[in-house]
Every structure is written in C-alpha cells, then in structure tokens.
**Q** 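The structure follows.
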Amino acid sequence: MSSWQPFLEDESLRPAPGLVAGLSADLRSPDPVVRDEQAYVLLHRWIPRLPPELRQSLGDEMAERFSDPEIQARTFAPLILARLVRLGDHDPAWLRAFDRWYREERDLRGHDAGLGWLHAVAHGADLLGAFGRSPHTDPAELLDLACARLLTPTDHVFDAMEDDRLGCAVALTLTRPELTEQQSLRWLEPIAADFRAASPGPVPAYASNTMRTLRVLYLLADRGVRPTPDAAGPVSLTHARAVREAVAETLAITGPYAG
C-alpha cells in the first residue's frame with residue numbers, strides 16, 4: 001500500500017509504461033485505499049502525460065474490464081475511460097463495451113462496507129456524460145442508453161446521489177448542438193409509456209430512480225449544466241425549453257401536482 005506514496009507526494013515524477021501497468025492492476029484491487037486513493041488518483045493525474053499509444057492501450061484494457069467478474073474492477077473502468085474521452089481520445093470499441101455493460105449491470109450498490117465506493121450508475125454516468133460531449137459520438141444513441149439504464153428493473157433505490165450524476169450526464173448530452181428537438185425528446189417516450197402502464201401500489205425502485213433523475217434534469221434544463229465542476233459557467237441545453245416541458249409532462253403522469 002505504501003509503494004505509490006512517493007508518486008503521490010511528488011507530482012513532478014513522470015509515469016513509465018511499467019508503472020501505468022501496475023496502477024491499472026491496482027485499479028482492480030478490493031482494497032479501497034489501494035484502488036481509490038492510490039491507483040485512481042495517480043492514473044487520473046498521469047493520463048494527460050501519457051503518449052497516445054499508451055493511452056489507447058489503457059483505454060482498451062478498461063473496455064475489457066466491463067466484463068470482469070469483480071464489481072470494483074467493472075465500476076472503476078468508466079472513470080478512467082471518462083478521463084481519456086474528455087481529453088479527446090476515442091475508440092468506437094470503448095463505447096460498444098460501455099453500452100453493453102451499462103445496460104446490463106445489476107450490482108448498483110453505491111458503497112460497500114468492505115469494498116468502498118462501487119457506484120456503477122454514477123461512475124457510468126460520468127463516462128456517459130463524457131461520451132455525450134464528444135464530437136465522435138451520436139448523442140441520440142447515448143440518450144437511449146440513459147433511458148435503458150433507468151428502465152432496467154432493480155431493487156436498489158439510488159442512495160448516493162446517483163440520480164444527480166446521471167441527470168447531469170443526460171443534460172451534458174443534451175447540449176450537443178446537432179441534436180434536433182425531436183431527438184432531444186424522443187428518449188423520454190419509453191419512460192412516459194412505462195409510467196402510464198404502472199399499476200397502483202408501491203413505487204418500484206427503478207421508477208423512483210427515474211423520477212428523481214428527471215427532476216435533476218429539469219433543474220439543469222432550466223439553469224444550464226457545467227461541463228466540469230470548475231467551468232466558468234453553465235452551458236445551456238440545445239432545446240432547453242422543450243426538454244423542460246417534456247420532462248415536466250412525463251413527471252406529471254405519476255404526480256399530477258407536478259404541472
């Protein structure tokens with residue numbers, strides 16, 4: 001656990017391929033100190049300094065992690081890919097692997113007493129938002145992926161601000177200027193249909209998660225969304241007013257008091 005300490009303390013030390021491989025291996029660790037506080041921190045710091053070929057191979061390795069049997073390995077891969085994608089790196093294979101995993105992941109725990117932060121939905125949302133802002137992707141397809149993630153049945157109710165992170169990712173995707181108004185709204189149609197088909201009784205976990213994510217999206221459609229936490233100011237959604245109205249109408253299906 002102490003082997004990375006000199007690198008954590010001295011930001012001037014430069015990465016080497018062997019060190020990057022070691023960090024990537026430690027990103028699978030079940031020890032949250034090794035994984036979160038050492039491997040992730042150093043990889044996030046070093047990625048901009050890596051040569052293109054090493055960044056590509058690191059991205060390929062993270063894409064393969066989406067099928068890893070260990071949950072912490074699967075859920076930390078999108079954080080590294082998000083860093084790469086925000087810096088302009090892109091490989092269609094990364095997006096395909098992410099799409100398959102994000103639709104199908106069933107372990108949605110935010111935090112585990114032994115493993116630490118897992119956060120499949122939130123970490124995946126960070127990558128969804130990075131892809132959503134990338135000029136190399138189809139934003140309409142990413143909106144459909146967000147819808148699929150929300151409507152996938154689960155017993156887990158978001159309890160660690162996953163709705164905020166996913167709502168932010170959708171809002172970032174909706175800032176893409178090439179989106180038509182129809183494309184900005186169409187992904188909401190399956191959600192509205194699901195709400196209309198609901199039976200009286202307790203609200204299913206996935207439906208509660210979806211409602212709260214849409215409330216976050218409404219707020220961001222009204223105020224704008226910051227591409228990064230330290231951005232100078234928010235960016236408006238391309239069809240903000242139409243999105244706001246469509247989200248409100250969708251929420252009103254389950255709660256007429258919403259408008």
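These numbers were taken from a predicted model, which means no experiment stands behind them.
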**Q** Would you indicate whether the side-chain heavy atoms of R65 and S24 approach each other to under 4.5 Å?
**A** yes
**Q** Without placing hydrogens or testing angles, list every side-chain donor-acceptor pair under 3.5 Å for residues 240-256, not counting sequence neighbours.
**A**
{"from": "T250", "atom 1": "OG1", "to": "A246", "atom 2": "O", "distance (Å)": "2.8"}
{"from": "T254", "atom 1": "OG1", "to": "L251", "atom 2": "O", "distance (Å)": "3.1"}

**Q** Could you work out, with salt bridge (charged side-chain N to carboxylate O under 4.0 Å, His left out) as the rule, every residue matching D138, not counting sequence neighbours?
**A** none
**Q** Would you say the rings of W46 and F7 are close, in the sense that their centroids are separated by under 6.0 Å?
**A**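 Yes, ring centres under 6.0 Å apart.
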**Q** Could you identify which residues cluster with V157, counting Ile, Leu, Val, Met, Phe, Trp and Tyr as linked when any side-chain heavy atoms lie under 4.5 Å apart, either directly or through a chain of such contacts?
**A** none
**Q** Quick one: hydrophobic cluster around L115, which other residues, with the 4.5 Å side-chain cut-off, linked directly or via members?
**A**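 Traced through the cluster, L115 reaches I71, L118.
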**Q** By salt bridge (charged side-chain N to carboxylate O under 4.0 Å, His left out), which residues pair with R35, not counting sequence neighbours?
**A**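 Per chain and number, R35 pairs via salt bridge (charged side-chain N to carboxylate O under 4.0 Å, His left out) with no residue.
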**Q** Would you tabulate the side-chain donor-acceptor contacts of residues 198-209 under 3.5 Å, counting partners in other chains and residues two or more places apart, or write 'none'?
**A**
{"from": "Y206", "atom 1": "OH", "to": "D194", "atom 2": "OD1", "distance (Å)": "2.8"}
{"from": "Y206", "atom 1": "OH", "to": "D194", "atom 2": "OD2", "distance (Å)": "3.0"}
{"from": "N209", "atom 1": "OD1", "to": "F158", "atom 2": "N", "distance (Å)": "2.9"}
{"from": "N209", "atom 1": "OD1", "to": "R212", "atom 2": "NH2", "distance (Å)": "3.2"}
{"from": "N209", "atom 1": "ND2", "to": "H156", "atom 2": "O", "distance (Å)": "3.0"}
{"from": "N209", "atom 1": "ND2", "to": "A205", "atom 2": "O", "distance (Å)": "3.2"}

**Q** Quick check: does any side chain N or O of E162 sit under 3.5 Å from a backbone N or O of V121, one acting as donor and the other as acceptor?
**A** no
**Q** With a 4.0 Å cut-off, would you call D68 and R74 a salt bridge?
**A**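 Between R74 and D68 there is no salt bridge, as every charged N stays at least 4.0 Å from the carboxylate O atoms.
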**Q** Looking only at the side chains, is there a donor atom on one of D112 and W117 sitting less than 3.5 Å from an acceptor on the other?
**A**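 The criterion, which ignores hydrogens and geometry beyond distance, is not satisfied for W117 and D112.
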**Q** Could you tell me whether a side-chain N or O of Y218 sits under 3.5 Å from a main-chain N or O of T213, the two making a donor and an acceptor?
**A** no
**Q** Can a salt bridge be assigned to the pair R96 and D99 using a cut-off of 4.0 Å between side-chain N and carboxylate O?
**A**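 No salt bridge links R96 with D99.
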